[in-house]
Amino acid sequence: MFLEFRTEVKSVIEKSLDKCGFRAENLDLSPSQHADISSRVAFRLASAERKNPKEIAEKIVEMCEIPENSYIDRIISTGPYINIFAKHRYLEDTLVRIKEDQGRFGGGFCQGKIILEHTSANPNGPLHVGHIRNSVIGDTLYRILKHAGYDVETHYYVNDMGRQIAIVSWALANFDLDGSKKSDHAIADVYIRANAELEKDPDKKREIDRLMQLVESGDVETINRFDRAVDHAIEGIRQTLSMMNIYHDQYVRESDFVRSGAVSDIIEQLKLQGRTKMDDGALVVDLEDYGFEKDLVIQRSDGTSLYTTRDLAYHEWKARQADRVIDVLGADHKLISSQLKTVLSIIGKPEPEIIIFEFVSLPEGSMSTRRGKFITADDLLEQVERQAFSEVDRRRPEMGEDFKKEVSRMVGMAAVRYDIVKVSPEKSTVFDWKQALDFEKQGGPYIQYSHARACSILRKAEEEGIWNAGNGFDGSVLVEDTEIGLIRKMAGLDHAVETASQELKPNIIAIYARELADAFNQFYRFVPVLSSEDEQLCKSRLALVDCSRIVLSEILDILGLEAPESM
RNA sequence: GGGCCUGUAGUGUAGUGGAUAGCACAUAAGCCUCCGGAGCUUAUAUCCUGGGUUCAAAUCCCAGCAGGCCCGCCA
C-alpha cells in the first residue's frame, strides 16, 4: 500500500520539479516520523540552483498539484524538508486491501526466477549453532523473496565427494556406527574418531586419497559407500531443518557435475581463455590481475577435482535456469566466493549474488566439527523448548499437556529463529547459553503473543455474537493515534518487503515485525475494543483487530514462525 | 605480513550522508475493579581513537587501536 502512495507522491513532485525547472534524478523519498513520506530533494538541488534548500522546498511545494482521487492529503515544507501527508482514506483502503488480499498483502510486486542456495553444510555431522545462522538467514530470505513475488527455488548443495566425505566413508568402514543415536550425530562420532586417527597416523591419508580417486573415476562400489555415508548424515540434517520449519526444494549433489562432464567442460573453457597453467602437476588459474595473490587450483595433480571446480559447474548450471542466483555463505567463504565470481565472469557466465554472514563462535573459541567442538542445533532447540515449556506451564497451568507441548514447540522455535534473524549478518556473534535460554521479552514469542491476543479478542467477540469476519465496517471512525499508527505500520509492509528483498537483508523484516507488534500492543493498551462506546466503532475496531491478526500471521509466516491462536 | 568484516548506554543490538541516535535485557519508578501482564508508560549514550571530505558524518575517506574470518592440490 505504501508503494502505491509513494508512486503518487513521486509523480506529483516530479511534475512540480518540471514546472519549477529543476532537475533531479533522485527524489530522496522515505517514510518519516514527521510525515507519511518525506523528500530531501531540496538539498540535492541547492548547489546546482545556488539557492538555499529551504527556498527550493517552498517553491516545489507551491507548485505541487494534488490530483482529485489521490491518497495525498497535503504537502508542506518544513525548512528544507518536503513532508507529504496521506488522507485518512489511505488508511481505510489499507484495511480493505488487507482483507481482500488475505495472506498476500504487501507483496507480489516482483517477478522472475531465483535459485537460492543455503545451509549446504558438509554431511559429516549434525548442524551446529553456526550452520543454522546460514539456514535461518537463507530460509527467511526465501520467504521474503517469495512474498515479494519471485518464483524461488531453494537448494542444499551436498558435498558428496570431498575429502571430508572420504573420511566419513573411511570411518564407517573402520568403526561401528552407533545405531541408537540420531543419524547425523552418529556420523559425527565416527568422523571425529577418524580425524583423531588420521592425525596420529598420517600414512592413513593415502587411503583417503585413494578413495577420492576411486570416486572421481566412477568406481561404483566406492560411490555407493560414499552415498550411504552422505544419505545417513543428510537424513538427520533434514530432520533438524524441518524442526525449524525449513525445507529445501532440491538437494543437489556435487558428484552430478563430475559425472555429467560439466566439470571437464568448465576446465576446458578455462583452458581456452589461456589463463591456466600447470604447477607441480596441478592445474591452476592465474588471477593476479584481478587482485588475487595466489593461483587458484582447479585440479589436483592426481587429476581429481576440487570443491571450487565443481562449484563453478554448479553455478553455471544454476545461472542457466534462473534470473537471479543467490548463495548464503559463511565468512570463511569470502575469498573463495570472490574467486568463483571472477572465474565465472572470465568465462562469460553470470555471477551469483552472495550473502556472507559472519561466524558464531563459542566463548572458548571457534566451532569445529572435526574436533568435536560445537553445540548442535538439536541440543539448542531441545533446551529452548524445555525452557519454553516451563514458561507455558507457569502462565497457563489450567491447560492440558498436549497444549503446553505444542505451544512450547512453536514458541521455542520462534525464539531461536528470531534471535538469529534479528541480527545483521555481518556481525560476528558469540553463542551464550544463558542468553539463548533467556526469553527476551520482544523476540519471536512476543510477536506470536500479539497474534494470539488479536485472536483472543476476535474469539470473544464471535462468542458474544457481535462480530464475524464477513461483517462490513467503516474505517473512517478509526481516528485515535494508536489506531492510525497501527494501520500506517501495516500499510508499510510492502516497503519493508521491498527493502529486504532488494538489499537481501532479512533482519529488516525481523525489525518490522517487532514494530508491528509494538503498534498493535499500544493500540490494545489505549483503545477499548469490545467495550467501545458505540456499536459501529466496536465493529470497525474489530475489523482493525482482524486486519492486525492477518498481517501479524503473514509476517510470522515470512519469518518462518508459526502463528498460535492461543499460547 | 597481506586482504575482508565488525566496533553505538553496564550488556546485546537497530540505524550506512540529512529533522530529538530507535529497541530490548538489567536497574529504578509507575499503569486500567475493563478485550490475555509474554503487555503499556517514564528515567539512563564522549556512536573505539585521531585526522579529513561535506551546507550536513554514527554513516564517506585516511591512519591507528581492539575483536572475528581468510590467505590449503580442505570445504
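Here is how names work: the chains are called A, B, and so on, in the same order as the sequence lines, proteins then strands, and each is numbered from 1. Being a predicted model, the structure only gives us computed values, none of them experimental.
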By a 5.5 angstrom centroid cut-off and a 30 degree plane limit, is there stacking between Tyr81(A) and A19(B)? yes
Tell me whether Tyr524(A) is stacked on the nucleobase of G39(B), counting only the six-membered base ring and applying the 5.5 Å and 30° thresholds.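 Aromatic stack with G39(B) absent for Tyr524(A).
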Would you tabulate the pairs of protein nitrogen or oxygen atoms and nucleotide nitrogen or oxygen atoms of nucleotides 7-12 of chain B closer than 3.5 angstrom?
unit_1, atom_1, unit_2, atom_2, d
G7(B), OP1, Lys427(A), NZ, 2.9

Heavy-atom check, side chain of Leu45(A) versus side chain of Ile60(A), under 4.5 Å: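 Yes, their side chains come closer than 4.5 Å.
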[N] OP1/OP2 closer than 4.0 Å to side-chain N/O of [X]:
X: Arg40(A); N: A56(B); value: no
X: Tyr418(A); N: A38(B); value: no
X: Tyr449(A); N: A38(B); value: yes
X: Ser428(A); N: G68(B); value: no

[N] and [M]: how far apart are their [atom1] atoms, nearest whole angstrom?
N: C47(B); M: G7(B); atom1: C1'; result: 10 Å
N: A45(B); M: C23(B); atom1: C1'; result: 14 Å
N: G68(B); M: A26(B); atom1: C1'; result: 27 Å
N: A57(B); M: G51(B); atom1: C1'; result: 14 Å
N: A9(B); M: A21(B); atom1: C1'; result: 11 Å

Determine whether a donor-acceptor pair (N or O, by modelled atom type, separation under 3.5 Å) exists between the side chain of Arg310(A) and the backbone of Ser255(A).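 Not at all, since once roles are kept as given, no pair shorter than 3.5 Å links the two residues.
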Looking only at A38(B), G18(B), G39(B), the nucleotide nearest the Arg395(A) side chain is A38(B)
Contact class for [X] vs. all strands (heavy atom < 4.0 Å): base, sugar-phosphate, or nothing?
X: Ser120(A); value: nothing
X: Lys460(A); value: sugar-phosphate
X: Asp311(A); value: nothing

Please report, rounded to the nearest Å, how far the [atom2] atom of [N] is from the [atom1] atom of [X].
X: Phe520(A); N: G36(B); atom1: CZ; atom2: C1'; answer: 10 Å
X: Arg50(A); N: C55(B); atom1: CZ; atom2: P; answer: 13 Å
X: Leu306(A); N: C73(B); atom1: CG; atom2: C1'; answer: 6 Å
X: Asp295(A); N: G72(B); atom1: CG; atom2: P; answer: 11 Å

Hey, is Asp227(A) close enough to Arg253(A) for a salt bridge, meaning N to O under 4.0 Å?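 Salt bridge flag = yes for Arg253(A) with Asp227(A).
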Less than 4.0 angstrom from a charged side-chain N to a carboxylate O is my criterion; do Glu463(A) and Arg459(A) meet it? no
Partner lookup for [N], please. Criteria are Watson-Crick or G-U wobble with both distances under 3.5 angstrom; report none if nothing qualifies.
N: C60(B); value: G52(B)
N: U13(B); value: G22(B)
N: U27(B); value: A43(B)
N: C4(B); value: G68(B)

Could Arg133(A) and Phe357(A) be counted as a cation-pi pair, given that NZ or CZ must be under 6.0 Å from the ring centre and within 45° of the axis?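 That pair does not qualify as a cation-pi contact.
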Would you verify whether the NZ or CZ of Arg514(A) falls within 45 degrees of the ring axis of Tyr446(A) while also being under 6.0 Å from that six-membered ring's centre?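 No, Arg514(A) and Tyr446(A) do not form such a contact.
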When you look at [atom1] of [X], are more than 12 heavy atoms from neighbouring residues, nucleotides or ligands closer to it than 6.0 Å?
X: Glu398(A); atom1: CD; answer: yes
X: Glu535(A); atom1: CD; answer: no
X: Glu565(A); atom1: CD; answer: no

Under 3.5 Å between N/O atoms: give me all the protein pairs with nucleotides 58-61 of chain B, atom names plus distance.
none

How far apart are the C-alpha atoms of Phe523(A) and Val545(A), what are their side-chain angles, what is the distance that settles it, and do they pass the side-chain contact (heavy atoms from CB on, under 4.5 Å) test? CA-CA 9 Å; Phe523(A) 156 75; Val545(A) 173; 3.8 Å; yes
